[in-house]
Visitor: 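Here's a structure for you.
Heavy-atom basis, side chains included; hydrogens, waters and symmetry copies ignored. Note that ligands are numbered from 1 as they come in the structure, with each ligand's atoms numbered from 1 the same way. All values reported here derive from a predicted model rather than from experimental measurement.
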Amino acid sequence: MRKNIVAGNWKMNKTLQEGIELAKSVKDALAGKKVNCEVIVGTPFIHLASVVEEVKGSIIGVAAENAADKASGAYTGEVSAAMVASTGAKYVILGHSERRAYYGETSEILKNKVLLALENKLTPIFCIGEVLEERESGKHFDVVKKQIEESLFNLSAEDFGKIVLAYEPVWAIGTGKTATAAQAQEMHAFIRKTLAEKYGKEIADNTSILYGGSCNASNAKELFSNPDVDGGLIGGASLEAAKFMPIIEAFN
Ligand code: 13P
């Protein structure tokens, strides 16, 4: 059966020292606690190796927030999936709406990133979601379906089975305006149906679909109680252990 996951996405926050400190405080807060979900912290590239070291022996997994669409070579400033994997990180967030909107990441680019992540045995946490205008004009289902089709439906069933999805309505990211539990469930059920049509019910049922967008201690329990919401991808509320922990504990 699919896993419940709570993953932090630190975005471009925290110096190296602050990041190590944050990872340590999450690790310490989790010590000796029984939690009912996987816990992941997504950090900037420069933090990865140190955070992997810091959380060793704990249940925390580490994710990069991006990886290059090329394997290696003369691409100044880029970081490859192989480099990410060499730090000990096991996950990579791909297709975040901030990457799509500010750095021109197209479905085609993301398709390559997913393939390289899988080749390097990283689990992609693949983000999808509509902007406000698309929701208001009733196009949100089509937009999300297209994002999935264009970057992921080239995968074999076996490889698709390695993907984690994160539905992040762009209008809910960093705005304090969360999707309602009903809106999240409706979209997650639609996504699962889309996966079932392509890969069959078993793979669809085994795919974790996380919700992201102003998820916090006060709304996590209601969001996660939906049958098709398997956890969260958390931005702002992952930047302090005291705010991140209650979201993890929403599964208890
Ligand atoms: P916020 O939780 O800050 O809205 O960010 C969500 C997000 O983009 C996680 O990837």
Visitor: Any non-hydrogen atom of G213 lying under 4.0 Å from ligand 1?
Guide: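 Contact check G213 vs ligand 1: positive.
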
Visitor: Looking only at distances, please establish whether an N/O atom of ligand 1 is found under 3.5 Å from an N/O atom of I234.
Guide: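 Between I234 and ligand 1 (N or O atoms, distance only) the closest approach is not under 3.5 Å.
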
Visitor: Is it the case that the ring center of Y199 lies less than 6.0 angstrom away from the ring center of F153?
Guide: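 Yes: the rings meet the under 6.0 Å criterion.
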
Visitor: Quick one: nearest non-hydrogen protein atom to atom 3 (O) of ligand 1, plus distance?
Guide: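 Among all protein heavy atoms, the one nearest atom 3 (O) of ligand 1 is G236 N, 2.8 Å.
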
Visitor: Got a salt bridge between E21 and K24, using NZ or NE/NH1/NH2 to carboxylate O under 4.0 Å?
Guide: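 No, no charged N to carboxylate O under 4.0 Å.
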
Visitor: Can you see which heavy atom on I173 is nearest to which on S97, and at what distance?
Guide: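 The pair with the smallest heavy-atom distance is CD1-OG, 3.3 Å.
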
Visitor: Answer yes if the side chains of W171 and E130 hold a donor-acceptor pair under 3.5 Å, and no otherwise.
Guide: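 Distance-only check passes for W171 and E130.
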
Visitor: Within a distance under 4.0 Å of any heavy atom of K11, pick out the atoms of ligand 1 and give their elements.
Guide: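 Contacts of ligand 1 toward K11, numbered from 1: 5 (O), 6 (C), 7 (C), 8 (O).
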
Visitor: Non-hydrogen atoms of S238 versus ligand 1: any pair closer than 4.0 Å?
Guide: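 Checking ligand 1 against S238, which is what was asked, there is no heavy-atom contact under 4.0 Å.
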
Visitor: Report, in ascending order of atom number, the atoms of ligand 1 lying under 4.0 Å from any heavy atom of A172.
Guide: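 Counting from 1, the qualifying ligand atoms are 4 (O).
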
Visitor: To check your reading of the model: name the closest protein heavy atom to atom 2 (O) of ligand 1, its residue, and the distance in Å.
Guide: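 Checking every protein heavy atom, the shortest distance to atom 2 (O) of ligand 1 gives G235 N, 2.9 Å.
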
Visitor: Find all atoms of ligand 1 within a distance of less than 4.0 Å from any non-hydrogen atom belonging to E168, and give their numbers and elements.
Guide: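 Per the distance check, 6 (C), 7 (C), 8 (O), 9 (C), 10 (O).
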
Visitor: Inspect the contact between D159 and K162 and indicate whether a charged nitrogen and a carboxylate oxygen are less than 4.0 angstrom apart.
Guide: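 Yes, charged N to carboxylate O under 4.0 Å.
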
Visitor: Considering only heavy atoms, does I173 approach ligand 1 within less than 4.0 Å through its side chain, its backbone, both, or neither?
Guide: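 For I173, the contact with ligand 1 is made by both the backbone and the side chain.
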
Visitor: Quick one: which ligand 1 atoms are inside 4.0 Å of a heavy atom on H96?
Guide: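 Numbered from 1, ligand 1 contributes 7 (C), 8 (O), 9 (C), 10 (O).
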
Visitor: Quick one: do E105 and K113 make a salt bridge, cutoff under 4.0 Å?
Guide: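 Answer for the salt bridge query: yes.
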
Visitor: Testing the 3.5 Å rule here: is there a donor-acceptor pair between the side chains of H96 and E65?
Guide: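 Distance-only check fails for H96 and E65.
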
